[in-house]
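Remember, predicted model here, so these are calculated numbers, not experimental data. Below, chains carry the letters A, B, ... as their sequence lines are ordered, and counting in each starts from 1.
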Amino acid sequence: MKELPKIYDPKAVESKIYDFWLKGKYFHAERDPEKKPFTIVIPPPNVTGQLHLGHAFDETIQDVLTRYKRMQGYAALWLPGYDHAGIATQIKVEEKLRNEGLTRFDLGREKFLDEVWAWKNKYGNRIVEQLKTLGSSCDWDRQRFTMDEGCSKAVREVFCSLYEKGLIYKGKRIINWCPKCTTALSDAEVEYEEKPGHFWHIRYPLTDGSGYVTVATTRPETMLGDTAVAVNPNDDRYTDIVGKTCILPLVNKEIPIIADEYVDMEFGTGCVKMTPCHDPNDFEVGLRHDLEQVLILDGEAKIINGGKYNGMDRYEARKAIVHDLEEQGYLVKIEEHVHNVGTCYRCHSDVEPLASDQWFVKMGPLAKEAIRVVEDGTIKFVPDRFSKTYLNWMNNVRDWCISRQLWWGHQIPAWYCADCGHVTVSREDAEKCEKCGSTNIQRDPDVLDTWFSSALWPFSTMGWPEKTEDLEYFYPTDVLVTGYDIIFFWVARMIFSGMEHMKKEPFHTVLIHGLIRDPQGKKMSKSAGNGVDPIEMIDRFGADALRFNIITGNSPGNDMRFYVERCEAMRNFANKIWNATRFVMMNLTIDKNELPDTLELEDRWILSKLNTLAKEVCENIDKFELGVAASKIYDFIWDSYCDWYIELAKPRLNSGDPEANLRAQKVLLYVLTEILKLLHPFMPYITEEIFQALPHDGEALIIEKYPEFREDLSFPKEETGFEKIMAAVRAVRARRADMNVPPSKKPHLIIVSDSADVFSAGKVYLSKLAYAGEVTITSEPPADTNGMVTVVTDDAKMYMPLSELVDLDKERERMRKELSKAEDELARIEAKLSNEKFVSRAPENIVAAEREKADKARALIANITESLASLG
RNA sequence: GGACGGUUAGCUCAGCUGGUAGAGCUUCCGCUUGACGUGCGGAAGGUCGGGGAUUCGAGUUCCUCACCGUCCACCA
């Protein structure tokens, strides 16, 4: 048998094993009518991005599920792919250009796009490779990109079909504008941050000189775009000035005073300046009152239409305007004011609300089905609470602004006719106006929101709009795994897109996980410099250790803190398995994995426990409790298999009895192999490596059958029987440790018990594990217990002659302590049992269990009392 | 303003359908026990945030309060 190194070295194994899987095409999912499909589409990472812990988290969960289902015999497809990430990628390339002293406008659209594609080709493979090092079993043959030909076709089809249905329209609305990215954003792309600011109270004189109105604002520069002042129609204070006009200071423009229900009489002065182009509410009021619209900011948030302030940056203008207002006596007061400022989710610049002509998706009709499928349980969120988050958003969803003033992305398929003004929206590139036939047409320069294409991901990746066999077989997908931070961006939009275009939900389960945070609980970010590089973790501890760390440290939907020490602990776990294997292999003479005909007590014990484990693991994975499943495997391997079963096997292996030796080998190998199967989805590399080194039938662990509960390997009686021996061993060990008896000292062990048969069967193990010399099982305590240490469990009294070590006083004290502990326990149980109501109302089995506990406590007390008496 | 999550051993977290608590790391004691010191054996450590209710019985259900956190909405 080949010799394994003493310490497991993931580096020597992982890439080799990954290549082995690739060569075997195990990741490739074939449509197979004999099998049930199981499908996951990857949340496409940014094509030029780098793997961070968030990805590692997300991908590990998906890989565990995929490998599990694959081993269960499903045609398991994990479909990989990447997102073009419009803004993020364009920003990066523009940054690179800026370092060369260029802007995208210097290059022009076409050349700039060449640059981005070059960038994509340069960095696009990095994240693919990183995903592979993690062990991801994606079907790389089906790799997709949101801007590849097929996905682009899907985008085009969806845009046109929604346009034809009247669900996409172009219109002038207040949108969120990022002056740094110089594009419109959707509502979802705005992040609100609480920032300290001011409330400036400004006086607008009435034109007739009869007084003035005072308005308050947090953005004084917007006054340049004021076209009215509004009051509430029911506000008695202002009834006489409604219909009058006032003079807009600094601008010296006459603007009307209007009445509108929108104004809250209780708030501030009850007078509100109306800036229709820079506030959504004012925009609505403006439409109702036919107010003039004055746009005062350009794309970079510099002042336009603002007289002497033109060309100033918005913050510069704010300062200047406040200064001028104060100087000219219009500034009444300044209050400190903390308010929420919208910022761009990409660059975190303050977003400006401004009126702009943009394309929108009409959400009302689409939301209806999207709400229904979650309400009626067609789509389930795990944990369930996120369905509430989702529904709340979907119920209040506003139209989705989908046009972006970028170049990198899917260009909007709309052509404007210079002659008749008609807009031609078309699946094929238009040559002429569909209405007047003019060739004097120009394509809309804008591109679509990145999320517009990711919304189609579950079906665009399978060939839609063509009717493909893949779609037929693999759609709808099964589980969508993602973080709660992109429920609105992505999950919501996939759901309504799936319902609208496929008439079928895109997945039945949405498994939501939390964020990985740093040890202080802070969000990891590049700017904070507190990020941990998963690749470095893989390098230091192995991918299996990283994966196991992530999976076990977490429960569904909750954030987790990342500790490098935990990776270390999991590496140790991998090493533990490695060495258990080393032990098994160095004792192996068989070349076939099969259970022996006869099973000893301890064999039945471990097999029965293994059987229960398989059941529990499957149950927990099925309900997406991956962390629970993984820890159960961990405990079984470390405690049951390594610390107990291997130790138990040693006497048989060394017994000199070839039959006994053989049986032990067989069970050792069998259980180890089952462990590898159970663990494989979580720790794929080391398990496959070991599987290959052990005698095995199948060609690869990755396609072995996942263990499940087997009635014929369930031995509950032997399990409890063996626990008695374990309890005895533990008790002896504890006592010896307490007395500082070294393992080399092996006294005679006399066991007095009613369960003599069990102890007799375990005699050899007692001597080995409890460091005993001779072991005697008897029904009568020794006549002379003088100088003997007594150890007591529920089922046994044990005596060890260790006279030279026995301090009688200490012994007595200890026994009294144990006695009083046992008596307290019994008192508690008896109190419970003497409670009429408990006995009458508690379920029978619970009462019986309590009675049994009481019996045990009584036995223990009797044992201790007896032993105490024998001490004299 | 609304919704949600958290509050359990020194630290980080488990604890599913109610029957007086577990793990990892840390700490302490001991061990060349021929797989593993990335190890073995043992020990210490918790009035499960406060208060109330339901129940024979509540980290576990309900109400309430406090603190921490997240999301959504947003009155200029």
Checklist outcome for this item: Sequence neighbours excluded, the answer for side chain to side chain donor-acceptor pair (under 3.5 Å) partners of A:Ser767 is none

Checklist entry - Looking at residues at least two apart in the chain, or sitting in another chain, which of them share a side chain to side chain donor-acceptor pair (under 3.5 Å) with A:Asn661? => result A:Gln665

Tell me, please, which residues at least two apart from [X] pass salt bridge (charged side-chain N to carboxylate O under 4.0 Å, His left out).
X        : value
A:Asp485 : none
A:Arg652 : A:Glu602, A:Asp603
A:Asp350 : A:Lys195

Checklist entry - For RNA chain B, which residues in residues 265-287 of chain A have a heavy atom at a distance below 4.0 Å? => result A:Phe267, A:Val272, A:Asn281

Checklist entry - Do A:Arg561 and B:U12 share a donor-acceptor pair, side chain to base, under 3.5 Å? => result no

Donor-acceptor pairs under 3.5 Å, side chain of residues 559-569 of chain A to any protein atom, not counting sequence neighbours: which ones?
unit_1	atom_1	unit_2	atom_2	d
A:Asp559	OD1	A:Tyr484	OH	2.8
A:Asp559	OD1	A:Leu515	N	2.8
A:Asp559	OD2	A:Tyr484	OH	3.1
A:Asp559	OD2	A:Arg517	NE	2.7
A:Asp559	OD2	A:Arg517	NH2	3.0
A:Arg561	NH1	A:Pro519	O	3.2
A:Tyr563	OH	A:Pro519	O	3.4
A:Arg566	NE	A:Asn549	OD1	2.9
A:Arg566	NH2	A:Asn549	O	3.2
A:Arg566	NH2	A:Thr552	OG1	2.7

Show me the donor-acceptor pairs within less than 3.5 Å that the side chains of residues 616-636 of chain A make with the rest of the protein, sequence neighbours left out.
unit_1	atom_1	unit_2	atom_2	d
A:Asn620	ND2	A:Glu616	O	2.9
A:Asp622	OD1	A:Tyr68	OH	2.9
A:Ser631	OG	A:Gly627	O	2.6

Grab the N/O contacts between the protein and nucleotides 2-9 of chain B below 3.5 Å, and write none if there aren't any.
unit_1	atom_1	unit_2	atom_2	d
B:A3	O3'	A:Lys388	NZ	3.1
B:C4	OP1	A:Lys388	NZ	2.7

Distances under 3.5 Å between protein N/O atoms and the N/O atoms of nucleotides 43-48 of chain B, please, pair by pair.
none

Next on the checklist: Could you work out, with ring-ring contact (aromatic ring centres under 6.0 Å, His included) as the rule, every residue matching A:His513, not counting sequence neighbours?
Outcome noted: A:Phe57

Checklist entry - Looking at residues at least two apart in the chain, or sitting in another chain, which of them share a side-chain contact (heavy atoms from CB on, under 4.5 Å) with A:His337? => result A:Phe199, A:Thr218, A:His339

